[in-house]
Amino acid sequence: MPFNVLEGLDSPFLFPDSRSMKISSLFDYGFQPCPYIAATKPLTLDLVNQYIESLTDLAGKKHLPIDGIVMIFDSLDYSKKCGRTGHHYKDGLAFKFEDETYETTLRNIEWTPTRFEEIAPVGIFDPVEIDGCSVSRATLHNLTFIKELELVPGCRISVSKRNMIIPHIEENLERGHYVDAVPPVCPCCGSQTRIYQRKGNDGRLIETVHCDNPNCDSQIRKRFTHFVGKKAMNIEGLSETTLEKFLTLGYLQTFPDIYHLNEHQEEILQLEGFGKKSFERLWNSITSSRNTTFVRFLVSMDIPMVGRTKSKILDTVFHGSLQGFFDAASGNYDFTQLDDFGDTLNQNIHDWFSDENNLILWHELQKELIFEERKEMNTMMKENVFTGCTIVATGKLAHFTRDEINSKIIELGAKAGSSVTKKTDYLICGEKAGSKLAKAQSLGIKILSEDEFLEMIA
Ligand SMILES: [Zn+2]
């Protein structure tokens, strides 16, 4: 159900500068846009309350799930001028309803290993019906969450569906009976567990439970499951159960082994549930996954916090060059200069590439794959004076944003450095350059103006 038109439909003759007219025109194209009220007079508190009430009523009558209401400017021009943060436009206000809560009894806390060594807690409670669905499980996130709510099996709790979707334990109605909930050993491999502290988004310390055993079956199975998943290498026919079988039988140890499963064809055909046809289908799917992309490859590597969205950004920044990304990740490239890449993510990438096993995997797996060529690739790796150099850019540039100049540098087969060191070959210097310029001068590093740089790559 559309509630906004992001792009298109913008003929100035058909639609003047009005969001509501644009949205209402969607009816002509067969859409049922999200109900709205176009305010015709200045909003007062009374009026806002009145609108909220009538939209809530309407949603009830039409059986539309609703968790709040958005107030937004009608003038698209004005909206645009309000600017945006990394995630959100600043042209509107959201009014969120409190989620309805339901009482029930917590029965158990289940601990399930994930693929990042963390053992994640899930609360199991007596089923309650919320919005027509029976709900009996909710993630408990981490140890801190359990401790703060003092959750123990048997206590009365209130649960809701956050945003009407995700079951959530809101409150413990019988506090004061907390006993340590940490499982002493990993439920999968029996190794001793360890409590790990990390900083949450709001800066608070969060405790999580970990299994440190890198050979924990469950972790390995989950990593393989992720690897063959739709967003990663997209191999059909390797369910978690099948993977478990192949892992137990020793057909699979590392990801590249998947591409040699045919060496075990005879044995696999003897397995229950495997016929000639199903093996053929599996092998076809494995073979076609060899043709892959930068994004799929990177997602399949499973660097913590690097999912599809981040991989796509990296694909653009590094122009689909795995080598370019590899150089940056194993060098001192500062990923926080990219939109929405924070310190933790930057650290995760560099950590991942300092692990020898990961490096072996990174190179071995590429040997099995064929990468779709990107158009820019041809112009990219042409030899030029900058190939192999380390280049740092500083100051305000006229033709590039920071991301753009760094991609350009990488495109030239050079490394984009974030700070000036003895290893820096060139400093590209824009307006109002500061300490980096001074440092480069003191180290005798070659300094280029933006125009000089442009001339050299022309
Ligand atoms: Zn384990």
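As the structure lists them, so they are numbered: ligands from 1, and atoms in each ligand from 1. Hydrogens, waters and symmetry mates are skipped; everything else that's a heavy atom, side chains included, is used.
Listed by first and then second residue, the ring-ring contact (aromatic ring centres under 6.0 Å, His included) pairs that reach into residues 265-287 are Phe246-Phe274, sequence neighbours excluded.
Screening the protein for N, O or S atoms under 2.8 Å from the Zn ion (ligand 1) yields 4; no waters enter the count.
Contacts of Asp126 classified as side-chain hydrogen bond (donor to acceptor under 3.5 Å, both in side chains), with partners at least two apart in sequence or in another chain: Arg107. Contacts of Lys312 classified as side-chain contact (heavy atoms from CB on, under 4.5 Å), with partners at least two apart in sequence or in another chain: Val295, Arg308.
Ring centroid separation for the pair Phe386 and Phe453 comes in under the 6.0 Å cut-off. Taking the six-membered ring for Trp and the full ring otherwise, Tyr102 and Phe125 have centroids separated by 6.0 Å or more. Checked against a 6.0 Å centroid threshold, the rings of Phe353 and Phe326 count as neighbours.
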